[in-house]
Amino acid sequence: MPDDKDLATPQTPALPSEAAPAPASAPADEGPLVADEFAVVAGLGPAGRHLFAMIDESDSYVPPEDPDAWARLADIEAYRGFARRALEAAADRVDAIQAGEIPFRADKAFTGREVAAVGRAARVALLRDEPWLPELLDRLLPGVAVAPTAAKTLPSQAMLFELVRAGRDFPTPELVVAVRAARAATRHRGVPGQLDRTLKKVEAALAERTDVALRLPSLGFDASGVLRWESGPYAAVVSVAETVELTWEKDGRPLRSLPAALRREHPGPVKELRELVKRVGIQLGTLTRALEGGLAAETEHPYGWWRAELAEHPLARPVVRRLVWEIEEAPGTWRAFLPAAEDRLPDAPDDAAVRLWHPIRSEPDAVRAWRDLLTERELRQPFKQAYREIYRLTPAEEETRVYSNRFAAHLVHYRRMFALFRARGWSSRLLGPWDGGDLDTAERTLAGGRWRVEFEHQLADWESDDLLASTDRVRFARRTGGRWEEAPLAEVPPLVLSEAMRDVDLFVGVTSIAADPEWTDRGPARTYWERAGFGELTASALTRFDVLERILPRLRIADRCTLEGRCLVVRGELRTYRIHLGSANIRMEPDDSYLCIVPAPRKAGKDGKGAEDGKVFLPFEDERLSLILSKAFLLAADDRITDESITRQIRRSG
């Protein structure tokens with residue numbers, strides 16, 4: 001699927017003074033959905049026909065010239081009626097194909113014009129957040145994603161991706177769930193990857209549409225987040241805490257696995273329960289990403305709604321209560337609170353404003369206090385909030401005025417960075433050895449679409465299999481009168497600047513060759529590796545320093561570890577080691593020689609515990625921090641290491 005970038009949207013054009021001609025009748029071979037839409041449009045007045053013509057002339061990759069065009073179309077009652085009829089008819093057709101009532105032909109379920117018509121209908125329904133739409137999406141999206149036979153083709157790949165692009169324009173949580181169900185159902189080899197890439201943009205857009213993003217159905221769970229299903233002496237228990245778990249009981253006693261009797265006698269309910277666990281997990285993931293994405297928009301909620309729909313919601317409460325919130329007690333006066341650490345929610349009027357707390361708005365002492373509390377109580381937040389990195393304008397950026405070189409001149413593994421662009425909701429063209437493929441600017445919109453950040457990068461080496469890119473400037477633009485205009489860094493809101501720079505720091509920190517322990521090339525790349533691999537700490541590395549200050553005293557190797565400057569220093573039996581907190585690279589004393597350790601990939605567990613076989617609490621998931629701790633535990637007992645590739649390096653003469 002072609003990559004789509006945010007495009008400038010001009011001012012709303014004036015309608016032509018002459019009357020708009022009525023459209024010709026729909027071609028007979030384009031399908032009944034097209035004929036229905038033509039009939040509706042033909043009955044509109046001149047302004048309505050011109051509006052439809054403008055939308056029809058655009059496509060699903062490029063928005064209409066009028067930024068309010070979809071809202072104006074959705075205001076037309078006759079077109080709203082068509083939208084519901086079209087989506088219902090499309091879902092009925094797919095159901096008939098799945099039931100064998102209509103012969104299956106790969107990618108022939110809808111004509112090209114029908115796909116476009118249903119895409120328009122979906123945008124209108126999604127924009128209005130119609131209550132009847134989720135049930136149709138649950139039928140339509142998975143239905144067009146998998147053949148009714150064993151074939152790996154689809155009834156309509158075009159319809160599947162058109163509906164996903166409609167969701168990118170006007171996302172809802174229910175659409176995200178339906179797309180993920182379609183992804184799980186399809187047997188086509190290439191479709192899941194394309195859906196994953198587009199879903200990143202859908203979820204990023206959902207985070208900006210806070211009026212619907214935080215909506216969750218209760219799905220039959222009780223107030224404590226538990227759902228029980230019973231059959232004779234057996235019971236299934238689905239519980240929602242930090243994760244969603246399905247457990248089994250017999251006569252009230254827990255079982256290790258699904259009883260054979262239930263598997264044999266109740267396969268339908270068992271399947272539904274497992275699907276429920278997946279669905280709730282997806283919804284909680286979407287909620288978490290939406291909350292985090294709304295940080296830069298400084299989204300506020302009425303306290304009464306927040307309490308009922310989030311803090312006391314049976315599914316949302318485990319996510320919401322582990323985050324720090326602020327409530328406005330007087331105009332401009334906010335008080336921070338952490339529901340998981342308090343016996344009750346604040347006593348406040350229903351119309352009081354509530355928003356997520358962000359460390360950039362707090363004094364350093366307050367930030368330290370929240371971090372201490374999370375560590376003491378071993379509360380793992382759904383995303384990095386109290387330990388969130390802060391990026392403020394620097395003197396150098398005040399000098400350059402409209403661009404930042406803070407993350408310029410790094411060498412990165414390009415394909416890894418490109419994947420991170422997609423994962424974080426950035427738009428970017430793929431670079432490569434073709435015309436115009438040597439440089440690009442990755443972009444992301446923030447703060448409800450009011451700001452855009454741009455990150456320039458270019459290929460540095462395209463002759464090897466592992467493409468390298470060099471990073472360049474970061475710029476910002478604000479939307480003014482429907483157009484993007486470059487903005488001085490000093491005029492970017494501090495929270496927007498910080499969140500944007502945090503993303504760029506992530507791109508560089510994760511993909512830099514300086515963090516690659518096996519990098520062995522010579523020349524300028526090697527010089528960069530040696531300089532950056534043990535260089536000044538970035539904001540993310542300084543956060544690791546802060547975490548280690550708190551958790552090191554709790555470790556069994558505490559007496560062998562100290563924090564010095566940029567490194568965690570570990571005293572082993574054979575040598576002393578300095579582990580860089582940015583790259584996790586290691587130098588050994590006394591000769592300052594490099595120690596290469598390439599451990600098997602390890603990730604923090606679902607309970608937030610990472611290093612040393614899951615016995616160390618980490619307040620947030622950070623693969624690099626887990627790697628540093630794993631290396632520390634290994635090297636503290638260096639006399640017991642059996643891997644010869646490591647021991648040869650340690651025991652050689654200094």
**Student:** Minimum heavy-atom separation for Ile360 and Pro494, please, with both atom names.
**Tutor:** CD1-O, 3.5 Å
**Student:** Kindly give the heavy-atom pair with the smallest separation between Ser583 and Ala514, and that separation in Å.
**Tutor:**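 Smallest interatomic distance, heavy atoms only, reads CB-O, 3.5 Å.
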**Student:** Regarding Tyr303 and Asp351, do their side chains bring together a donor and an acceptor under 3.5 Å, going by distance alone?
**Tutor:** no
**Student:** Are Trp306 and Trp325 close enough that their ring centres sit under 6.0 Å apart?
**Tutor:**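 Yes, they do, as the ring centres are separated by less than 6.0 Å.
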**Student:** Return yes when atom CD of Glu491 has more than 12 non-hydrogen atoms of other residues, nucleotides or ligands closer than 6.0 Å, and no otherwise.
**Tutor:**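 It does: Glu491 CD has more than 12 such atoms within range.
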**Student:** Rounded to the nearest 0.5 Å, how far apart are CG of Leu379 and CG of Leu373?
**Tutor:** 6.5 Å
**Student:** Can you name the residues that form a side chain to side chain contact (heavy atoms under 4.5 Å, CB included) with Glu564, not counting sequence neighbours?
**Tutor:** Thr562, Val569, Arg578
**Student:** Stepwise, does the side-chain contact (heavy atoms from CB on, under 4.5 Å) test hold for His313 with Arg307?
**Tutor:** CA-CA 8 Å; His313 190 284; Arg307 183 182 58 230; over 6 Å; no
**Student:** Using a strict threshold of under 4.0 Å (side-chain N to carboxylate O), is an ion pair present between Glu536 and Arg566?
**Tutor:** yes
**Student:** Is a donor from one side chain sitting under 3.5 angstrom from an acceptor on the other, for Tyr403 and Asp472?
**Tutor:** no
**Student:** Does Arg444 come within less than 4.0 Å of Asp503, counting only side-chain N to carboxylate O?
**Tutor:**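 A salt bridge is present here (some side-chain N lies under 4.0 Å from a carboxylate O).
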**Student:** Less than 3.5 Å apart, any donor N or O on the side chain of Trp451 or Thr445 sitting next to an acceptor on the other?
**Tutor:** no
**Student:** Salt bridge between Arg452 and Glu454, side-chain N to carboxylate O under 4.0 Å?
**Tutor:**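 A salt bridge links Arg452 with Glu454.
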**Student:** With a cut-off of under 6.0 Å to the ring centre and 45° to the axis, is Arg587 in cation-pi contact with Phe534?
**Tutor:**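 Verdict for Phe534: a cation-pi partner in Arg587.
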**Student:** Between Arg355 and Glu328, is the closest basic N to carboxylate O distance under 4.0 Å?
**Tutor:** no
**Student:** I want to know whether Phe421 and Phe507 have ring centres closer than 6.0 Å.
**Tutor:**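 Distance test on ring centres: under 6.0 Å, yes.
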**Student:** Could you go step by step and tell me if Tyr594 and Trp529 meet the ring pair (Phe, Tyr, Trp, His ring centres under 6.0 Å) rule?
**Tutor:** CA-CA 12 Å; Tyr594 174 70; Trp529 182 90; 5.1 Å; yes
**Student:** Would you name the heavy atoms of Ser470 and Ala460 that are closest together and state the gap between them?
**Tutor:** N-CB, 4.0 Å
**Student:** Any salt bridge linking Glu486 with Arg478? Criterion: basic side-chain nitrogen under 4.0 Å from a carboxylate oxygen.
**Tutor:** no
**Student:** Could you give me the CA-CA distance, side-chain angles and deciding distance for Glu499 and His358, then say whether side chain to side chain donor-acceptor pair (under 3.5 Å) is met?
**Tutor:** CA-CA 10 Å; Glu499 287 297 299; His358 194 290; 2.9 Å; yes
**Student:** Does a side chain donor of either Tyr414 or Thr511 reach within less than 3.5 Å of an acceptor in the other side chain?
**Tutor:**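 Short answer, no.
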**Student:** Taking Arg475 as the fixed residue, which of Glu443, Glu485, Glu456 is the one that meets the salt bridge (Lys or Arg N to Asp or Glu O under 4.0 Å) rule?
**Tutor:** Glu456
**Student:** Take atom NZ in Lys384; do more than 12 heavy atoms of anything else shown fall under 6.0 Å from it?
**Tutor:** yes
**Student:** Only counting residues at least two apart or in another chain, list the ones meeting side chain to side chain contact (heavy atoms under 4.5 Å, CB included) with Glu397.
**Tutor:**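 Once residues adjacent in sequence are excluded, the partners of Glu397 under the side chain to side chain contact (heavy atoms under 4.5 Å, CB included) criterion are Leu393, Thr394, Thr400, Ser404, Arg406, Leu489, Met501.
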**Student:** Would you call Glu329 and Arg335 a salt bridge, taking side-chain N to carboxylate O under 4.0 Å as the test?
**Tutor:** yes
